[in-house]
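Note that this is a predicted model, so its numbers are computed, not measured. Read the numbers this way: they start at 1 and go in the same order the structure lists the ligands and their atoms. In this chain, residues are counted from 1 in sequence order.
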Amino acid sequence: MQRVLSGMRPTGKTHLGHLHGVFENWRQLQQRYECFYFAADWHALTSEYRDPLVIQETMGEMFVDWLSVGIDPEKSTIFVQSWVKEHAELHLLLSMITPLGWLERNPTYKEQQEELKGRDLGTYGFLGYPVLQAADILIYKAHYVPVGKDQLPHLEITREIARRFAFLYRQVFPEPQALLTEAPSVPGIDGRKMSKSYDNAIYLADPPEVIAQKVSQMFTDPQRGRRTDPGRPEVCSVFTLHKIYSPPETLREIDEECRRAGIGCVDCKRILTKNLCDYLAPLQERRRHYLGRLSEVRDIVEEGSARARRVASATMEEVREAMGMAW
Ligand code: TRP
Ligand code: SF4
């Protein structure tokens, strides 16, 4: 079976954007591939090193979320990056052969520094972020890496490093390919892409009252100032969410009624809240289940990390051999 690998930085709570953009895809991939999913806590540290507590605080709930959406530890290997020290060794060895220019030219390097200003990201560790990511991927000889578009430059660097390794020594790693996620775009409360940093997110952990409150604040068609103005569902983020959570009949009805001012935004939002809460209810039930059994969750992750370590250490033997570090 071909191998899939992906990671997520534990830097905050999980929201609906993660659910539809990442987890539902991860869950599906389990049917066809041998999957490795991990918490990239060292990557989180590259930006959170001043207040690293957020990493520990987020990690447990992140795994709870994975299990609750159906990432199945019987099928997939779930682990913590820093519990598999081999990633650090491969990162070091790959850093010997990675030209500085590849890292300095990396577009996400400059973008992230711009975006996360207020933090000093002028560190050695942050520059090496893609080398660590390459180590994560190559150490499992992954064939496919499900990622968003923003991660494509990192994957390209991974492929270049794999080729350079093969050129300098011998082929140990297959060249991994990106699996671009065809996910619905999930708008936040303000209509921009849902993101923690925009403070516009609906979280998996939000109780129904909070969801109702957030939905009631959502931006709608800006041209629909009054209840009697007709609206345009195609420019309304409430409608975009309806497309995810409401059945086709409801969609058709809202589409029609909105255009002739037959339904008001308050009622439309009330329907969305109901459908969204119903959709999340079973997931939230499973979250509560796992949150009450955090030590079992920890056991699952420990077992996964042990399994990951076996694969990683076998690869490292080959790498040391190839690089003349096997005396
Ligand atoms: N950089 C990725 C992100 O921010 C997280 C990540 C770290 C990752 N290592 C990885 C993703 C390896 C895929 C494969 O989303
Ligand atoms: Fe958007 Fe619904 Fe209002 Fe139409 S009725 S503008 S779809 S919130």
Matching residue for Tyr109 among Phe126, Trp102, Tyr129 - test: ring-ring contact (aromatic ring centres under 6.0 Å, His included): Phe126
Protein heavy-atom partner closest to atom 9 (N) of ligand 1 - residue, atom, separation in Å: Asp136 OD2, 2.7 Å
Nearest heavy atoms of Ala322 and Val172, plus distance in Å: CB-CG2, 4.3 Å
Interfacing atoms of ligand 1 (cut-off 4.0 Å, heavy-atom, Leu5): 12 (C), 14 (C)
Under 4.0 Å to a heavy atom of Val145 - the qualifying atoms of ligand 1, by number: 13 (C), 14 (C)
Side chain proximity check, Leu283 to Asp65, heavy atoms < 4.5 angstrom: no
Per-residue contact class, Leu132 against ligand 1 - non-hydrogen pairs under 4.0 Å: neither
Heavy atom of the protein closest to atom 5 (C) of ligand 1 (residue, atom name, distance): Gly7 O, 3.6 Å
Check ion pair Asp255-Arg252 (N to O, under 4.0 angstrom): no
Interatomic spacing from CE in Met325 to CG in Leu92 - rounded to 0.5 Å: 10.0 Å
Contact summary for Ser76 and Tyr37, nearest pair of heavy atoms: OG-CE1, 4.0 Å
Atom indices of ligand 1 within 4.0 angstrom of His43 heavy atoms, with elements: 7 (C), 9 (N)
Proximity of Arg9 to ligand 1 by residue part, where a heavy atom lies under 4.0 Å: side chain
Least distance between heavy atoms, Val84 atom then Ala308 atom: CG2-CB, 4.1 Å
Beyond-backbone contact of Leu121 with Thr46, side-chain heavy atoms, under 4.5 angstrom: no
Side chain to side chain, Glu61 and Thr14, heavy atoms closer than 4.5 Å: no
Atom indices of ligand 1, in the order listed, that fall short of 4.0 Å to a heavy atom of Ser6: 13 (C)
Taking atom 1 (N) of ligand 1 as the reference point, the nearest protein heavy atom with its distance: Tyr129 OH, 2.7 Å
For atom 1 (Fe) of ligand 2, every protein N/O/S atom that sits closer than 2.8 Å, waters excluded: Cys236 SG
Atom 8 (C) of ligand 1: the protein heavy-atom neighbour that sits closest, reported with distance to 0.1 Å: Gln133 NE2, 3.6 Å
Derivation of the side chain to side chain contact (heavy atoms under 4.5 Å, CB included) call for Leu5 and Ile139: CA-CA 10 Å; Leu5 172 131; Ile139 207 163; over 6 Å; no
Which segment of Phe38 sits under 4.0 Å of ligand 1 when only heavy atoms are counted: side chain
With Met316, the side chain to side chain contact (heavy atoms under 4.5 Å, CB included) member among Glu86, His87, Glu321: Glu86
Cationic tip of Lys13 above Tyr203 ring, under 6.0 Å, 45° of axis: yes
Nearest protein heavy atom with distance in Å, relative to atom 2 (C) of ligand 1: Gln151 OE1, 3.4 Å
